[in-house]
Amino acid sequence: MMKRALLVLVGSLFFLLASSQDCSLPTDSDIIATLSVLLPTGDNSIPYYPNLTGPVQYVCQAQGRRINTYRAVGMIGTFTPNPGDSEVTRLFQMRCYFGSWVAETGGGGISLPPSSIINATVRTDCYVCRRGFGDDTCRECNSACDTGLERCTGPYSDQCCLVFSTSGECSHDCSSSGVNYAASEETDYNCTCNKTCPDGYSIDSDCMNCTKDEVSSSMYITSSQFSSSLIASSTFFLSSSSFFSSSLVFSSSSFVALPSPSPVPCAINISNCIQCIGDIACCDQCDDGYIVLNCQCAQTTSNQLNLLFLLLIIPIFVAIAIALVNVIIIKRARLKKVAT
Ligand SMILES: *[C@@H]1O[C@H](CO)[C@@H](O)[C@H](O)[C@H]1NC(C)=O
Ligand SMILES: *[C@@H]1O[C@H](CO)[C@@H](O)[C@H](O)[C@H]1NC(C)=O
Ligand SMILES: *[C@@H]1O[C@H](CO)[C@@H](O)[C@H](O)[C@H]1NC(C)=O
Ligand SMILES: *[C@@H]1O[C@H](CO)[C@@H](O)[C@H](O)[C@H]1NC(C)=O
Ligand SMILES: *[C@@H]1O[C@H](CO)[C@@H](O)[C@H](O)[C@H]1NC(C)=O
Ligand SMILES: CC(=O)N[C@H]1CO[C@H](CO)[C@@H](O)[C@@H]1O
């Protein structure tokens with residue numbers, strides 16, 4: 001009984017150790033070392049000094065437990081077996097063994113690549129890369145892993161690597177990264193924060209709350225609104241003086257009132273706000289003693305009231321002035337007509 005428990009313990013420790021040491025893609029010297037192991041086959045075992053003459057083409061990559069790590073790879077390499085020899089192109093496999101790449105001697109060794117896999121897309125949905133599993137050396141993942149990345153870290157249905165968590169670990173979903181995290185093809189199946197905030201707000205570092213961007217004081221915002229209303233007024237004035245008769249149909253309210261979608265509950269906590277509008281983070285109605293200023297609620301100090309007064313009054317005043325001027329112009333034109 002004890003012996004068996006010990007065996008299980010040692011076995012799982014071995015598994016943990018082995019799996020925690022998946023390899024990043026082999027370097028050229030890893031590949032050359034593999035070739036020199038695989039090449040001396042047959043009776044006349046002369047040593048080889050192979051050299052790669054170009055980048056290898058991966059045909060199979062068995063995913064490791066972390067992003068950019070692998071447990072096995074199959075590839076087509078072009079190399080000279082010895083200096084001065086002519087180039088040869090061969091298919092072979094490598095296995096990650098305790099964090100180091102070793103030649104896969106049991107996987108069909110080194111062979112001519114079948115034409116079906118030359119320049120084919122690398123298969124990443126494999127848990128083993130060895131000849132015997134097809135031309136592309138790929139032993140497919142369990143069908144339970146057929147979503148997201150479609151990769152696996154082992155042969156069983158619970159060993160799917162569908163997304164990469166924010167810490168780069170293989171995972172079934174993004175729940176370990178946080179509630180608002182999601183992964184898709186666009187994010188390379190990396191779990192990323194998928195919570196969006198209204199304009200002027202940014203997501204905090206833990207992807208939970210929208211926090212207001214630190215623009216600056218409300219005075220600045222007020223003055224920018226002030227200048228934009230001035231611009232609106234002068235634009236209106238310019239356009240109306242060239243089309244004076246049509247400008248009469250404009251009412252002053254057309255540029256004082258904002259487009260008003262129906263009120264909605266606020267998406268974020270705006271202090272002293274009763275309800276929001278349109279953009280769900282823009283306050284529409286404030287508690288008594290507060291007024292809406294730049295989508296926030298500001299206490300009604302006389303200073304702010306004066307500014308608000310200016311903001312509302314100037315466009316109205318300009319509109320009335322334009323209307324008066326237009327009326328005078330039209331009257332004069334009529335008088336002229338009558339006179340002639
Ligand atoms: C291997 O090939 C590269 C160029 O492809 C060359 O620079 C290098 O000297 C060669 N190494 C050996 C050991 O022949
Ligand atoms: C494979 O691709 C390489 C580079 O794109 C090209 O030179 C070569 O001819 C292709 N081989 C085949 C068999 O299509
Ligand atoms: C991210 O959120 C958007 C909108 O909320 C949604 O349409 C999209 O499907 C989400 N992406 C993922 C990968 O869940
Ligand atoms: C996914 O994560 C990897 C590793 O952190 C990174 O190299 C890659 O650019 C990421 N992809 C996207 C689309 O963010
Ligand atoms: C909103 O914030 C105020 C203080 O800023 C707090 O007292 C109140 O409980 C918050 N309301 C909600 C619904 O979080
Ligand atoms: C700093 C802050 O406001 N954190 C809150 C973000 O939202 C979550 C859940 O909605 C709260 O639990 C945090 O306290």
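First listed ligand is number 1; within each ligand, the first listed atom is number 1. Because the structure is a prediction, the values reported are computed rather than measured.
- Every atom of ligand 4 with a heavy atom of Glu186 under 4.0 Å away is listed here by number and element: 13 (C).
- At the shortest separation from atom 4 (C) of ligand 4 among protein heavy atoms lies Ile67 CD1, 3.6 Å.
- Trp101 places no side-chain N or O within 3.5 Å of a backbone atom of Val73 that could act as its donor or acceptor partner.
- Counting only distance, with no hydrogens or angles, the side chain of Glu87 and the backbone of Pro81 share no donor-acceptor pair below 3.5 Å.
- Leu162 has its side chain within reach of Cys145: a pair of non-hydrogen atoms, C-beta onward, lies under 4.5 Å apart.
- Short contacts between ligand 4 and Thr187, defined as distances under 4.0 Å to a heavy atom of the residue, involve ligand atoms 11 (N), 12 (C), 13 (C).
- Taking the charged nitrogens against the carboxylate oxygens, Glu140 and Arg123 do have a contact shorter than 4.0 Å, which makes a salt bridge.
- Proximity of atom 11 (N) of ligand 2 to the protein is indicated by at least one non-hydrogen atom lying closer than 4.0 angstrom.
- An N or O contact shorter than 3.5 Å links Asn190 to ligand 4 by distance.
- Any N or O atom pair closer than 3.5 Å counts here, and Asp188 shares at least one such pair with ligand 4.
- The closest protein non-hydrogen atom to atom 13 (C) of ligand 2 is Ile118 CG2, 3.6 Å.
- Of the N and O atoms on the side chains of Asp173 and Ser175, at least one donor lies less than 3.5 Å from an acceptor on the other residue.
- In terms of protein heavy atoms, atom 8 (C) of ligand 2 is closest to Asn119 ND2, 3.7 Å.
- Here the side chains of Tyr290 and Asn272 are in contact, with some heavy-atom distance below 4.5 Å.
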